[in-house]
Amino acid sequence: MNWQSDANVTETILAPVLEGWYDHHKRDLPWRHTRDPYRIWLSEVILQQTRVAQGKPYYERFVAAYPTVADMARADEQSLLRLWQGLGYYSRARNLHQTARYVTEHCAGKFPDTYQELLKMKGIGAYTAAAVASFAFGERVAVVDGNVYRVLARIFGIDQDITTTTAKKTFAALAARLIERANDPATYNQAVMEFGAIQCTPVSPDCLLCPLQQYCVAYQTGRQSRLPVKAKKSPVRDRYYSYLVFRNNGRLALRERTARDIWQNLFDFYLQETDEPVTTLRDLALPDPVSGLVQQGVSTAYVVELSQLLSHQRIRAFFHLIDLPDRLLEQLPTGLNWYTMDQVNELPKPVLISNYLAREFG
DNA sequence: AAGGCGGGGGA
DNA sequence: TCCCCAGCCTT
């Protein structure tokens with residue numbers, strides 16, 4: 001038996017080794033220059049299921065627009081969603097606003113400063129609570145994110161499916177033991193995530209230069225590419241959207257999406273969803289008042305087709321631009337409102353809609 | 001316990 | 001294509 005592969009030994013040395021590695025390899029990121037819990041929280045929410053490269057410019061814009069939690073609390077949700085546009089998972093933005101207002105109004109602007117209190121906030125789960133508690137307040141509580149699952153699964157050779165509840169408990173318990181050995185909890189949490197992002201990457205990890213090579217069960221058994229184990233995701237759903245883009249005097253008719261569906265609280269056009277793709281206006285079965293509107297309006301001859309790939313849905317969208325004369329305006333379906341192009345620009349919209357607007361009117 | 005929720009980037 | 005990304009919420 002190789003003593004170096006003993007899990008107890010690995011548990012003892014892991015935290016200090018990662019902290020030492022981090023000291024030499026950490027990236028210079030804007031949220032690492034502050035201990036303001038508001039800014040750390042903001043960065044963590046932005047980075048939920050989001051790569052650093054994608055989130056960084058958003059963080060800069062949010063800090064500039066809302067330097068303090070009180071500034072964010074004062075903002076209207078629509079402006080916040082507009083600033084969030086393109087980041088996805090828009091409930092994060094709505095929860096961000098809700099928590100900013102709660103902290104401002106019920107906590108006298110002072111951010112909750114313990115893991116347990118942070119966990120009560122909207123949009124703050126186990127990961128984000130641990131991140132803010134450790135980074136801003138030095139609390140010794142371990143983060144468990146995608147990086148941590150990968151690093152620990154490989155180092156310790158854990159082949160449990162990380163989507164299961166029992167596996168989550170296994171990893172959380174292990175992470176809790178590991179952070180007890182850390183010199184500094186904040187540094188260790190940053191270190192293990194940074195290590196996963198830079199060194200122990202999902203594909204082609206840099207094992208040859210890895211300081212943990214001798215301790216890593218995955219490396220010793222050649223299972224780097226098989227760990228962590230994760231159940232396959234369900235297949236994506238195909239959806240077909242036919243949009244009617246009503247125009248009048250340079251204004252466009254948009255509506256807010258309020259259904260329990262994708263893009264909640266974002267704006268798009270009159271939408272008819274179909275089970276199969278319908279590429280022409282003529283073949284689209286429209287409800288009575290709308291079909292009359294289309295008959296009497298002047299529709300452009302061409303159709304703009306755009307696709308949008310989400311992680312769980314594949315959307316093919318067909319856009320029909322229809323000019324309405326003034327006499328038909330009062331027949332506009334309820335929910336739709338007229339916006340000038342400047343106003344349209346200020347509305348929060350899905351990337352699909354932004355792409356259409358850029359192509360048709362940009 | 002399972003499913004929904006964005007969008008982008010890398011292989 | 002497929003997978004993953006500093007996850008969280010609802011049912």
Side-chain angles (χ1 to χ4, degrees), chain A residues 22 26-27 29-32 40-59 81 84-96 98-99 118-135 142-151 161-169 171-172 175 186 188-198 200-205 225-226 228-237 239 257 259-266 307-315 348-355:
Chain A
Y22 179 70
K26 66 178 173 185
R27 291 168 290 181
L29 299 172
W31 45 85
R32 289 183 174 160
I40 290 170
W41 162 69
L42 172 62
S43 73
E44 292 303 335
V45 174
I46 287 174
L47 292 171
Q48 286 168 7
Q49 294 290 284
T50 304
R51 293 171 188 279
V52 166
Q54 186 185 4
K56 191 157 83 167
Y58 283 86
Y59 174 80
L81 277 168
W84 196 270
Q85 180 175 304
L87 253 191
Y89 287 147
Y90 295 93
S91 65
R92 289 185 292 171
R94 298 191 297 269
N95 290 335
L96 204 62
Q98 195 171 324
T99 291
L118 286 160
L119 207 48
K120 297 176 182 173
M121 303 293 111
K122 272 286 189 184
I124 297 186
Y127 164 76
T128 304
V132 175
S134 63
F135 302 160
V143 296
V144 182
D145 74 331
N147 290 302
V148 176
Y149 283 123
R150 184 170 58 257
V151 170
D161 178 355
I162 62 172
T163 65
T164 65
T165 302
T166 54
K168 291 185 203 301
K169 286 180 184 171
F171 282 91
Y188 168 71
N189 276 338
Q190 299 262 10
V192 61
M193 289 192 288
E194 191 80 339
F195 184 78
I198 292 178
C200 195
T201 51
V203 178
S204 306
S225 65
R226 302 298 307 164
V229 175
K230 189 177 183 180
K232 279 175 297 189
K233 283 178 300 188
S234 52
V236 301
R237 173 161 71 121
R239 300 180 74 175
R257 296 177 61 94
R260 295 154 55 88
D261 197 352
I262 56 173
W263 303 330
Q264 206 172 348
N265 298 105
L266 274 59
S307 293
Q308 180 68 48
L309 194 62
L310 311 181
S311 55
H312 52 307
Q313 298 182 18
R314 181 169 36 232
I315 296 171
K349 301 167 292 292
V351 164
L352 172 67
I353 301 301
S354 292
N355 288 344

**OP:** Starting at atom CZ of A/R51, determine the distance to atom P of B/dG6, rounded to an integer number of angstrom.
**Re:** 18 Å

Give each protein N/O atom lying under 3.5 Å from an N/O atom of nucleotides 8-11 of chain C, with the pair distance.
{"from": "C/dC8", "atom 1": "OP1", "to": "A/G125", "atom 2": "N", "distance (Å)": "2.8"}
{"from": "C/dC8", "atom 1": "OP1", "to": "A/G125", "atom 2": "O", "distance (Å)": "3.4"}
{"from": "C/dC8", "atom 1": "OP1", "to": "A/T128", "atom 2": "N", "distance (Å)": "3.0"}
{"from": "C/dC8", "atom 1": "OP1", "to": "A/T128", "atom 2": "OG1", "distance (Å)": "2.7"}
{"from": "C/dC8", "atom 1": "OP2", "to": "A/A126", "atom 2": "N", "distance (Å)": "3.4"}
{"from": "C/dC8", "atom 1": "OP2", "to": "A/Y127", "atom 2": "N", "distance (Å)": "3.3"}
{"from": "C/dC9", "atom 1": "OP1", "to": "A/G123", "atom 2": "N", "distance (Å)": "2.6"}
{"from": "C/dT10", "atom 1": "OP1", "to": "A/K122", "atom 2": "NZ", "distance (Å)": "3.2"}
{"from": "C/dT11", "atom 1": "OP1", "to": "A/R260", "atom 2": "NH1", "distance (Å)": "3.0"}
{"from": "C/dT11", "atom 1": "OP1", "to": "A/R260", "atom 2": "NH2", "distance (Å)": "3.2"}

Original post:
Checking all strands, does A/R32 fall into the base, sugar-phosphate, or nothing category for heavy-atom contacts under 4.0 angstrom?
Top reply: base

Original post:
Are A/R32 and A/Q190 linked by a side-chain donor-acceptor pair shorter than 3.5 Å?
Top reply: yes

**OP:** Using atom CG of A/L47 as one end and atom P of B/dG6 as the other, report the distance to the nearest whole Å.
**Re:** 18 Å

**OP:** Just call it for A/N189: base, sugar-phosphate, or nothing, with non-hydrogen atoms closer than 4.0 Å on any strand.
**Re:** nothing

Original post:
Does B/dG6 pair with anything, Watson-Crick or G-U wobble, both distances under 3.5 Å, and if so, with which nucleotide?
Top reply: none

Original post:
Who pairs with A/Y127 by ring pair (Phe, Tyr, Trp, His ring centres under 6.0 Å), at least two apart in sequence or on another chain?
Top reply: none

**OP:** May I ask you to say what A/V351 touches in the nucleic acid, namely base, sugar-phosphate or nothing, with a heavy-atom cut-off under 4.0 Å?
**Re:** sugar-phosphate

**OP:** May I ask you to say whether A/K168 pairs ionically with A/D161, meaning some side-chain N is under 4.0 Å from a carboxylate O?
**Re:** no

**OP:** Using a heavy-atom cut-off of under 4.0 Å over every strand shown, decide if A/W84 touches base, sugar-phosphate, or nothing.
**Re:** nothing

Subject >> Whole-Å P distance, C/dA6 and B/dG4 >> reply: 24 Å

Subject >> Euclidean distance for P, B/dG8 against C/dC8 (whole angstrom) >> reply: 22 Å

Subject >> Between P of B/dG9 and CG of A/L310, the distance in whole Å >> reply: 15 Å

